[in-house]
There are 2 protein chains.
Amino acid sequence: MMLRTMADSARFIDGYLLYLLARASSVASAEFHEEVRRRGFNVSNWRVLAALKGSGGQTVGELAAVCLVNQPAMSKTVERLVRQGLVERRADVGDRRRVNVNLTGEGERTVDELISAAKAHQERLIEAIGPRETETLVAALHRVIERSGEG
Amino acid sequence: MMLRTMADSARFIDGYLLYLLARASSVASAEFHEEVRRRGFNVSNWRVLAALKGSGGQTVGELAAVCLVNQPAMSKTVERLVRQGLVERRADVGDRRRVNVNLTGEGERTVDELISAAKAHQERLIEAIGPRETETLVAALHRVIERSGEG
DNA sequence: TGTTATTATATGAAAAGGCATATTTTTATA
DNA sequence: TATAAAAATATGCCTTTTCATATAATAACA
């Protein structure tokens with residue numbers, strides 16, 4: 001079954017749900033991601049810092065899962081953030097294979113600014129989409145996640 | 001305003017719409033993207049081939065926009081696909097700055113197989129999400145795209 | 001029409017990511 | 001409790017992307 005709510009089109013992708021999801025994510029994020037870069041960070045760094053905020057620390061593996069990248073990539077991103085002084089690594093006490101990653105003081109200050117900008121952007125975005133429609137969207141996205149093998 | 005439909009959480013990202021969008025896209029795509037790789041392609045190649053199918057040819061710039069990557073990356077992806085014999089490049093007749101990209105016969109056969117697998121996967125995904133909920137989702141995603149500066 | 005701006009694509013160097021695998025530590029089992 | 005298996009992270013190599021910029025062609029304009 002092709003999506004009945006989409007106009008028929010010669011182009012396959014115009015009726016392809018995974019493309020629509022990727023496009024919506026990309027388009028919605030583009031503006032803020034530019035702001036992240038203007039502030040001197042790349043999106044990977046931003047995601048790690050954002051994931052750490054309020055988490056009480058995460059392991060490399062947890063960060064990889066949360067940030068939607070593979071583990072070796074996360075090891076390298078964390079290494080870069082350590083060199084920038086934004087996070088610190090510490091071997092887990094109970095299981096020394098694990099490496100706990102936490103925000104440093106500077107990392108905390110940095111992410112607070114970024115999060116503040118992200119929240120401001122999100123307010124504008126929700127206003128543009130419409131608050132009611134946003135709630136519908138959020139529910140639908142949770143359902144996708146839940147039913148796609150991550151529930 | 002934070003999203004009211006999400007439980008309050010210490011972690012910023014749990015209430016962050018752009019993260020939810022990225023996560024839904026990633027989770028929903030993961031399974032099929034693995035199949036693409038098993039078939040010997042990477043996601044970038046798949047996206048270009050899928051974008052070309054039924055398009056009547058696209059320029060490098062158009063492909064970059066459609067495939068959500070920047071132009072130099074697309075020039076290089078196209079170059080690789082040319083070397084693999086899946087697409088062909090031709091300078092545009094009316095504007096010789098433009099480079100038109102088309103599927104070759106082999107590219108057509110290849111993408112037909114991939115699209116067939118994508119459609120089968122999509123059927124299963126829609127079944128898992130629920131057809132009615134999928135329609136709601138599709139409408140919401142179109143709205144996001146439309147209201148995020150791409151309308 | 002000659003000159004300047006703009007647009008489309010390509011290229012080169014550096015950064016980041018992906019994949020296989022090594023290393024270290026913990027868990028399971030004989 | 002040795003030993004084997006599993007788990008978490010790191011590392012090396014190679015591919016891909018990114019960023020800045022070069023090149024080529026068209027458009028604008030004086």
Side-chain angles (χ1 to χ4, degrees), chain A residues 22 26 29-30 33-49 51-52 55 57-84 86-102, chain B residues 22 25-26 29-49 51-52 57-84 86-102:
Chain A
S26 171
S29 301
H33 285 178
E34 268 196 42
E35 178 164 355
V36 169
R37 282 186 286 270
R38 273 198 303 276
R39 288 164 180 262
F41 300 93
N42 63 35
V43 173
S44 302
N45 291 347
W46 152 239
R47 284 187 171 151
V48 174
L49 297 176
L52 287 172
S55 73
Q58 307 243 124
T59 67
V60 170
E62 288 165 347
L63 283 175
V66 169
C67 295
L68 316 171
V69 302
N70 60 23
Q71 174 266 309
M74 185 53 66
S75 285
K76 290 165 190 171
T77 297
V78 167
E79 170 63 24
R80 289 188 291 268
L81 289 170
V82 168
R83 280 201 292 261
Q84 293 177 59
L86 298 173
V87 308
E88 58 195 6
R89 258 178 313 211
R90 197 174 335 201
D92 187 282
V93 189
D95 183 342
R96 299 205 321 278
R97 292 171 300 182
R98 296 203 172 110
V99 172
N100 280 107
V101 182
N102 284 280
Chain B
S25 176
S26 171
S29 301
E31 191 179 19
F32 181 65
H33 286 178
E34 269 197 40
E35 179 165 354
V36 169
R37 282 187 286 270
R38 274 197 302 277
R39 289 165 179 260
F41 299 93
N42 63 35
V43 174
S44 301
N45 290 347
W46 152 241
R47 285 188 170 151
V48 174
L49 297 176
L52 286 172
Q58 307 242 125
T59 67
V60 169
E62 288 165 348
L63 283 174
V66 169
C67 296
L68 316 170
V69 302
N70 61 20
Q71 174 267 309
M74 184 53 65
S75 284
K76 289 163 187 169
T77 296
V78 167
E79 170 63 24
R80 288 188 291 269
L81 289 170
V82 168
R83 280 200 292 261
Q84 293 177 60
L86 299 173
V87 308
E88 58 195 5
R89 256 179 314 209
R90 197 173 335 201
D92 188 281
V93 190
D95 183 344
R96 297 204 323 278
R97 291 172 301 182
R98 296 203 171 112
V99 173
N100 281 106
V101 182
N102 284 280

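Labels below follow one simple rule: chain letters A, B, ... track the order of the sequence lines, proteins then strands, and each chain is numbered from 1. Values below: every heavy atom of this structure, side chains too, minus hydrogens, waters and symmetry copies.
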Below 4.0 Å: OP1/OP2 of C:dT9 and any side-chain N or O of B:R90: no
C:dG17 phosphate, OP1 or OP2, under 4.0 Å from A:S44 side-chain N/O: yes
Between D:dA8 (P) and A:R89 (CZ): distance, integer Å: 18 Å
Exercise: do A:E79 and A:S75 side chains pair donor with acceptor under 3.5 Å: no
Touch class at under 4.0 angstrom, heavy-atom based, for B:N42 against every strand present: sugar-phosphate
Enclosure of A:R90 CZ (heavy-atom neighbours >12, cutoff 6.0 Å): no
Close side-chain approach of B:V36 to B:R39, heavy-atom, < 4.5 Å: no
Base C:dT7 to side chain B:R97, donor-acceptor N/O within 3.5 Å cut-off: yes
Distance in angstrom units between A:D92 CG and C:dT24 P, rounded: 18 Å
Minimum-distance nucleotide (side-chain atoms of B:T59 versus C:dT9, C:dA10, D:dA10): C:dT9
side-chain N/O B:R80 vs D:dT17 OP1/OP2, d < 4.0 Å: yes
Lys/Arg N to Asp/Glu carboxylate O, A:R37 vs A:E35, below 4.0 Å: no
Integer-rounded Å distance: D:dA10 P and A:R83 CZ: 12 Å
Rounded distance in Å - CZ (A:R37) to P (D:dT18): 8 Å
Rounded distance (Å) that lies between atom C1' of D:dT18 and atom CZ of A:F41: 18 Å
Interatomic distance, B:R98 CZ vs D:dA25 P [rounded to whole Å]: 14 Å
Distance in angstrom units between A:R38 CZ and D:dC19 C1', rounded: 16 Å
Contact nearer the 5' end of DNA chain D, comparing B:P72 with A:M74: A:M74
Side chains of B:V48 and B:M74 in contact at under 4.5 Å (non-hydrogen atoms): yes
B:D95 CG to D:dA28 P, straight-line distance once rounded to whole Å: 12 Å
D:dA10 base / A:E79 side chain donor-acceptor hit below 3.5 Å: no
Under-3.5 Å donor-acceptor pair between B:K76 side chain and D:dT18 base: yes
Along DNA chain C (nearest heavy atom to each residue), the more 5'-positioned of B:G61 and A:Q71: B:G61
C:dG17 OP1/OP2 closer than 4.0 Å to side-chain N/O of A:T77: yes
Nucleotide of C:dT25, D:dT11, C:dT9 approaching A:R96 most closely (side-chain heavy atoms): C:dT25
